[in-house]
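Worksheet: one structure, shown below.
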Amino acid sequence: MGDCLEQTGGTDDEPNLKLIDCGKPAAKYKVLKSEAHAECGPGETRYRQLDGHYETVNLCMTRVGERTTAS
């Protein structure tokens, strides 16, 4: 948690992401949760990768610079 991600392509609904330093201007998302099947809160963006019917990655994120109601 706390890692930041840069969107390197794709769309906002299906982005291509890579880890990046949170202080860099290209940092777009900050990871709040990285738990399997985690429910994301209001104002959070969910990112999932699936392999067939199995979830391989599940992230709850917020855009860098935005606050969420979660603490």
Side-chain angles (χ1 to χ4, degrees):
M1 289 191 319
D3 291 327
C4 287
L5 302 165
E6 173 185 7
Q7 185 172 344
T8 59
T11 64
D12 282 345
D13 290 332
E14 294 184 23
N16 297 329
L17 302 170
K18 76 173 189 176
L19 284 174
I20 189 171
D21 183 275
C22 290
K24 299 222 180 222
K28 184 171 183 177
Y29 297 105
K30 184 169 186 173
V31 177
L32 303 175
K33 297 179 201 168
S34 61
E35 304 163 6
H37 311 294
E39 292 296 322
C40 298
E44 295 176 6
T45 300
R46 184 175 187 193
Y47 174 77
R48 296 186 323 155
Q49 284 183 347
L50 301 173
D51 183 7
H53 294 290
Y54 298 99
E55 188 174 80
T56 58
V57 175
N58 183 52
L59 303 175
C60 294
M61 309 175 296
T62 188
R63 288 187 183 258
V64 171
E66 290 185 3
R67 294 179 174 230
T68 63
T69 56
S71 300

Look up atom CG in Leu19 and atom CD in Glu6, then write down how far apart they are to the nearest 0.5 Å.
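Those atoms lie 10.5 Å apart.
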Between CD of Gln49 and CG of Leu59, what distance do you get to the nearest 0.5 Å?
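It is 8.0 Å, given to the nearest 0.5 Å.
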So, for Lys30 and Val64, which heavy atoms are closest and what is the spacing to 0.1 Å?
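Looks like N-CG2, 4.1 Å.
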Which heavy-atom pair separates Ala27 from Cys4 by the least distance, and what is that distance?
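It is CB-CB, 4.1 Å.
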Apply side-chain contact (heavy atoms from CB on, under 4.5 Å) to Gln7 and list each qualifying residue two or more places apart in sequence or on a separate chain.
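With sequence neighbours excluded, Gln7 shows a side-chain contact (heavy atoms from CB on, under 4.5 Å) to Asp12, Pro15, Leu17, Lys28, Tyr29, given in chain and number order.
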Could you tell me whether Asp21 atom CG has more than 12 heavy atoms of other residues or ligands within 6.0 Å of it?
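Count over threshold, so yes.
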List the steps, then state whether side chain to side chain contact (heavy atoms under 4.5 Å, CB included) holds for Thr56 with Leu50.
CA-CA 6 Å; Thr56 58; Leu50 301 173; over 6 Å; no
Passing option when Met61 is tested against Asp3, Leu32, Thr45 for side-chain contact (heavy atoms from CB on, under 4.5 Å)
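In the set Asp3, Leu32, Thr45, the residue that makes a side-chain contact (heavy atoms from CB on, under 4.5 Å) with Met61 is Thr45.
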Sequence neighbours left out, what pairs pass disulfide (SG to SG under 2.5 Å) with at least one residue falling in residues 26-58?
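Qualifying pairs, neighbours excluded: Cys40-Cys60.
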Check whether any side-chain heavy atom of Asn58 sits under 4.5 Å from a side-chain heavy atom of Arg46, and report yes or no.
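Yes, close enough: below the 4.5 Å cut-off.
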